[in-house]
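It should be emphasised that the depicted structure is a prediction, and the values quoted were computed from it without experimental measurement. Throughout, a chain's letter reflects where its sequence line sits, starting with A, and its residues are numbered from 1.
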There are 4 protein chains.
Amino acid sequence: MPRGSAGETGQARPLPERLLGVATRLFAENGYESTSVQEIVEAAGVTKGAMYHYYAAKDDLLYTIYHRLLAVQTERLERFAGGGGTPEERLRAAAVDVIDTSFTHLDELTVFFRSMHLLPDGKRKSVRAERRRYHERFRSLVEEGQRAGSFRADVPADLAVSFFFGAVHQITTWWHPDGPLDARAVGRYYVGLFLDGLRRGGGLGADLDGGPGDGGLETLGEC
Amino acid sequence: MPRGSAGETGQARPLPERLLGVATRLFAENGYESTSVQEIVEAAGVTKGAMYHYYAAKDDLLYTIYHRLLAVQTERLERFAGGGGTPEERLRAAAVDVIDTSFTHLDELTVFFRSMHLLPDGKRKSVRAERRRYHERFRSLVEEGQRAGSFRADVPADLAVSFFFGAVHQITTWWHPDGPLDARAVGRYYVGLFLDGLRRGGGLGADLDGGPGDGGLETLGEC
Amino acid sequence: MPRGSAGETGQARPLPERLLGVATRLFAENGYESTSVQEIVEAAGVTKGAMYHYYAAKDDLLYTIYHRLLAVQTERLERFAGGGGTPEERLRAAAVDVIDTSFTHLDELTVFFRSMHLLPDGKRKSVRAERRRYHERFRSLVEEGQRAGSFRADVPADLAVSFFFGAVHQITTWWHPDGPLDARAVGRYYVGLFLDGLRRGGGLGADLDGGPGDGGLETLGEC
Amino acid sequence: MPRGSAGETGQARPLPERLLGVATRLFAENGYESTSVQEIVEAAGVTKGAMYHYYAAKDDLLYTIYHRLLAVQTERLERFAGGGGTPEERLRAAAVDVIDTSFTHLDELTVFFRSMHLLPDGKRKSVRAERRRYHERFRSLVEEGQRAGSFRADVPADLAVSFFFGAVHQITTWWHPDGPLDARAVGRYYVGLFLDGLRRGGGLGADLDGGPGDGGLETLGEC
DNA sequence: CATGAATGAGCCTTCATTCAT
DNA sequence: CATGAATGAAGGCTCATTCAT
């Protein structure tokens with residue numbers, strides 16, 4: 001039986017994919033630094049040499065995980081953002097999809113927010129740039145809605161997006177498939193809370209008058 | 001000059017405190033796994049032996065960081081939750097304070113969500129239990145408001161809390177003191193978005209009818 | 001020059017063997033606890049990583065030393081015990097061989113009785129079990145002779161074996177190749193003293209009458 | 001309550017004695033190198049400073065254990081060797097006493113043969129010299145018997161003593177108070193086996209003729 | 001006499017990565 | 001393409017001992 005095509009695990013995915021899948025799971029379970037290359041290749045049924053043939057370094061696996069996740073999310077966001085309907089309808093669809101995607105990529109998301117800081121500088125910058133583009137595309141949807149008058153304009157769009165994304169990205173820290181709420185329910189509640197909070201006429205309360213204007217978020221921080 | 005009271009760094013705090021402060025900063029900057037005990041003790045101006053005199057292991061520093069942060073937050077929450085005023089007023093005050101505290105403990109928070117999974121089992125369970133108690137105290141505030149009719153009852157209080165906490169806890173991934181928004185502004189916006197989303201009459205949209213009832217979240221997951 | 005086959009020391013044995021030999025000598029000379037892994041690998045002309053490639057831990061070297069010694073002794077005992085001749089002849093041959101083997105494995109024996117207690121529980125139990133089987137095989141030879149009437153029956157066979165093995169195993173504490181007695185001489189004298197003491201008709205003396213009967217030794221203790 | 005006189009353990013022995021007793025037990029149980037000074041002082045209910053007040057170093061405890069044991073044994077041997085009766089009677093009495101003493105100082109003996117090599121050079125030489133004197137005194141008893149014609153002369157007295165002492169000193173590796181043989185029984189059997197092996201007329205067998213003469217053992221080895 | 005904070009040297013072990021085969 | 005032996009650089013931790021109090 002040829003190595004790299006099926007292997008002891010019986011999976012038919014090509015070796016690079018299999019390694020990535022195994023690594024994602026192990027990183028999510030035990031942490032990036034607590035997972036040795038040895039464990040990864042053993043779980044994939046190959047040897048180290050095989051892994052280094054496809055990935056130049058351990059952090060290449062990490063980078064690839066991030067890169068793919070962001071590519072998937074960006075591609076889907078484009079589709080929903082560019083679809084038909086009112087800005088609110090499109091934002092809702094996009095927001096629902098963000099959560100859906102998050103639930104189907106929980107491991108990737110877990111690894112993302114736990115271990116991004118472990119990437120070497122170059123790769124970390126690259127990931128951050130991708131993530132910013134994604135953030136900005138989502139923000140532009142909110143801005144559209146604000147201009148159209150569907151959403152309150154007294155909250156910086158940037159901030160609203162960070163607020164929503166923050167809530168979504170932390171799902172990995174508390175949600176569990178055996179819990180009382182299934183993924184779809186969480187998604188609908190979260191989108192509801194977000195959009196209602198954003199709806200015009202909310203009014204943040206008197207003490208918010210004179211809050212800072214719509215200053216764009218220049219930096220997304222260090223991740 | 002007495003050892004352990006000031007040392008080369010000129011700080012007057014006792015050594016255990018100084019080590020904790022130094023470790024918190026380094027963990028936040030470079031990650032727990034990428035920070036060696038050697039770096040910590042060098043930054044504190046002592047030797048390894050001195051550190052191990054006070055902390056039995058490197059992860060004891062991590063645990064202490066978490067434990068103290070949670071103790072501070074719990075103590076403050078009790079104060080705000082038990083104060084006077086309507087449930088909404090108390091929830092608002094508590095929420096504002098959560099964000100305030102988060103901003104003054106950004107490093108601790110950063111370390112918390114990045115590295116909690118690196119704690120050994122026993123300590124992780126202990127931290128998780130403390131965190132759950134904190135979550136539940138906050139949730140009970142929301143439930144009070146729901147019973148009083150100020151907040152929508154069609155969203156599980158547990159979920160609303162997770163939503164808000166998620167957004168807040170992710171602040172460390174994007175906020176930067178040099179950015180356009182100062183801490184207070186972020187706090188007011190976030191609290192506004194949260195409370196408006198929670199306000200009665202929002203209506204999550206037609207597709208939410210028949211969503212899961214007000215089932216409490218039994219588990220808070222693995223963190 | 002291929003790595004691992006000869007190395008700087010010029011020896012042609014494979015690395016695992018070379019490491020074991022070096023470790024045995026150093027453990028015997030300086031003690032297990034006083035010998036660092038660094039010293040072992042330096043003496044073998046490799047780096048630590050190379051050693052840990054073959055031995056999972058320092059105590060694996062210790063265990064392997066014991067295990068091999070016992071395997072050699074057991075195998076030889078089987079041969080002598082199962083040979084032809086009267087029980088006394090076979091016991092004599094076996095006893096002579098025990099001493100011969102001890103002299104050709106003095107370092108191993110030295111390490112054995114000094115450091116067995118440093119093995120982790122599992123490994124120590126395993127070694128002890130092997131040693132007990134060896135003891136019992138030897139004991140059955142003595143019992144054969146007792147039944148045949150060649151040996152006195154008023155001494156428990158177990159005890160006689162412990163007596164002889166004790167004397168032999170302590171050789172490492174006083175014998176030195178430069179001393180006045182060569183290995184063969186010691187062997188013949190020891191075997192003579194043992195067999196004459198065991199011979200029928202000795203009589204342990206009046207005060208031994210009424211001593212405990214032939215109760216077998218149930219346990220061999222902790223080693 | 002004054003420290004050092006009774007302490008938390010309630011014993012009335014002076015502190016130096018208590019420390020020695022605790023150390024002996026711990027060394028026998030866990031090994032010298034695996035027992036930390038911290039454990040010793042904790043078990044004795046004092047602090048490190050107190051211990052270093054009485055013992056200059058950890059190996060001073062070890063040395064003292066050996067020194068005392070040898071002093072006790074030497075003193076007793078003098079008494080029995082210098083008593084009345086035939087050489088055989090005196091040797092028997094001395095041999096019985098050696099075993100008695102060994103059984104009442106099992107821990108000391110265990111530590112002795114496991115850890116003597118860990119003493120620094122000077123102390124080790126000193127202990128070895130004491131031990132040699134003891135050996136020689138015992139040997140002279142055997143030689144007396146040989147000259148008197150009670151013991152065979154075809155075995156070097158030195159070797160016979162090493163043989164007997166070897167058997168006795170290994171008792172710690174197999175004897176256990178819960179085993180089927182009590183201490184007295186072991187003693188009588190051992191002395192019987194030894195003296196019968198030594199008795200005139202044994203005859204080591206034809207193959208021993210021409211064995212080495214009565215060359216004295218020059219060195220007692222490294223221990 | 002006794003304390004206990006601090007030192008400093010060293011120990012065992014891990015692990016990403018390389019490279020001859 | 002793939003192997004796996006070997007490297008080399010750290011890393012966390014232990015511990016006997018000292019010394020100011």
Side-chain angles (χ1 to χ4, degrees), chain A residues 2-5 7 15 32-41 46-61, chain B residues 1-5 7 14-16 19 32-41 44-61, chain C residues 1-5 7 14-16 19 32-41 44-61, chain D residues 2-5 7 15 32-41 46-61:
Chain A
R3 279 291 174 73
S5 62
L15 182 51
Y32 174 77
E33 294 271 354
S34 305
T35 305
S36 69
V37 170
Q38 189 61 43
E39 286 171 315
I40 297 170
V41 297
V46 293
T47 60
K48 283 185 192 169
M51 196 211 85
Y52 279 97
H53 184 73
Y54 294 106
Y55 299 94
K58 187 187 176 189
D59 56 47
D60 252 31
L61 286 166
Chain B
M1 185 178 67
R3 280 294 173 71
S5 64
L15 184 49
L19 285 165
Y32 175 78
E33 313 99 313
S34 305
T35 304
S36 69
V37 170
Q38 190 58 45
E39 285 171 323
I40 296 170
V41 298
V46 292
T47 60
K48 281 186 204 172
M51 195 210 86
Y52 280 97
H53 188 71
Y54 294 104
Y55 298 95
K58 188 187 174 190
D59 58 48
D60 250 32
L61 287 167
Chain C
M1 184 177 66
R3 280 293 173 70
S5 64
L15 184 49
L19 285 165
Y32 174 79
E33 315 98 312
S34 305
T35 304
S36 70
V37 170
Q38 189 59 44
E39 285 170 323
I40 297 170
V41 297
V46 292
T47 60
K48 282 185 199 171
M51 195 211 87
Y52 280 97
H53 188 71
Y54 295 103
Y55 299 95
K58 188 187 175 189
D59 58 48
D60 250 33
L61 288 167
Chain D
R3 278 293 175 73
S5 64
L15 183 49
Y32 174 76
E33 293 272 353
S34 305
T35 304
S36 70
V37 170
Q38 189 61 43
E39 286 171 316
I40 297 170
V41 297
V46 293
T47 60
K48 283 184 193 171
M51 195 211 86
Y52 278 97
H53 183 73
Y54 294 106
Y55 298 94
K58 187 188 176 188
D59 56 48
D60 252 30
L61 288 166

| task | Considering just the side-chain nitrogens and oxygens of A:Lys48, establish if one lies under 4.0 Å of OP1 or OP2 belonging to F:dG4. | result | no
| query | Base, sugar-phosphate, or nothing for A:Tyr54, non-hydrogen atoms under 4.0 angstrom? | reply | sugar-phosphate
| Atom NE2 of B:His53 and atom CG of B:Leu19: how far apart are they, to the nearest 0.5 Å? | 11.5 Å
| said: So B:Ser34 and A:Glu33, do their side chains get closer than 4.5 Å, heavy atoms only? | reply: yes
| message | Expressed as a whole number of angstroms, how long is the span from B:Met51:CE to F:dT14:C1'? | response | 12 Å
| field | Proximal nucleotide (of E:dC12, F:dC15, E:dT13) relative to the D:Ser36 side chain | value | F:dC15
| note | So NZ of B:Lys48 and OG of B:Ser36: to nearest 0.5 Å the spacing works out to 7.5 Å
| task | Could you tell me whether a side-chain N or O of C:Tyr32 sits under 3.5 Å from a main-chain N or O of C:Asp59, the two making a donor and an acceptor? | result | yes
| Proximity to the side chain of C:Lys58 - top-ranked nucleotide from F:dA6, E:dC12, F:dA16 | E:dC12
| query | Is it true that a side-chain atom of D:Tyr52 and a backbone atom of D:Lys58 form a donor plus acceptor pair closer than 3.5 Å? | reply | no
| query | Which part of the nucleic acid, if any, lies within contact of A:His53, taking any heavy atom under 4.0 Å across all strands shown: a base, the sugar-phosphate backbone alone, or nothing? | reply | sugar-phosphate
| field | Contact check, side chains of B:Met51 and B:Val46, non-hydrogen atoms, under 4.5 Å | value | no
| Hey, is the side chain of A:Tyr52 poking within less than 4.0 Å of OP1 or OP2 on E:dC19, counting only N and O atoms? | no
| query | How does DNA chain E look in dot-bracket form if you count Watson-Crick and G-U pairs under 3.5 Å, write [ ] for pairs that cross, and put | where a base pairs with another strand? | reply | .||||||||||||||||||||
| query | What integer number of Å spans the C1' atoms of F:dT21 and E:dC1? | reply | 13 Å
| Counting any heavy atom closer than 4.0 Å, what does B:Thr35 reach on the DNA or RNA strands: base, sugar-phosphate only, or nothing? | sugar-phosphate
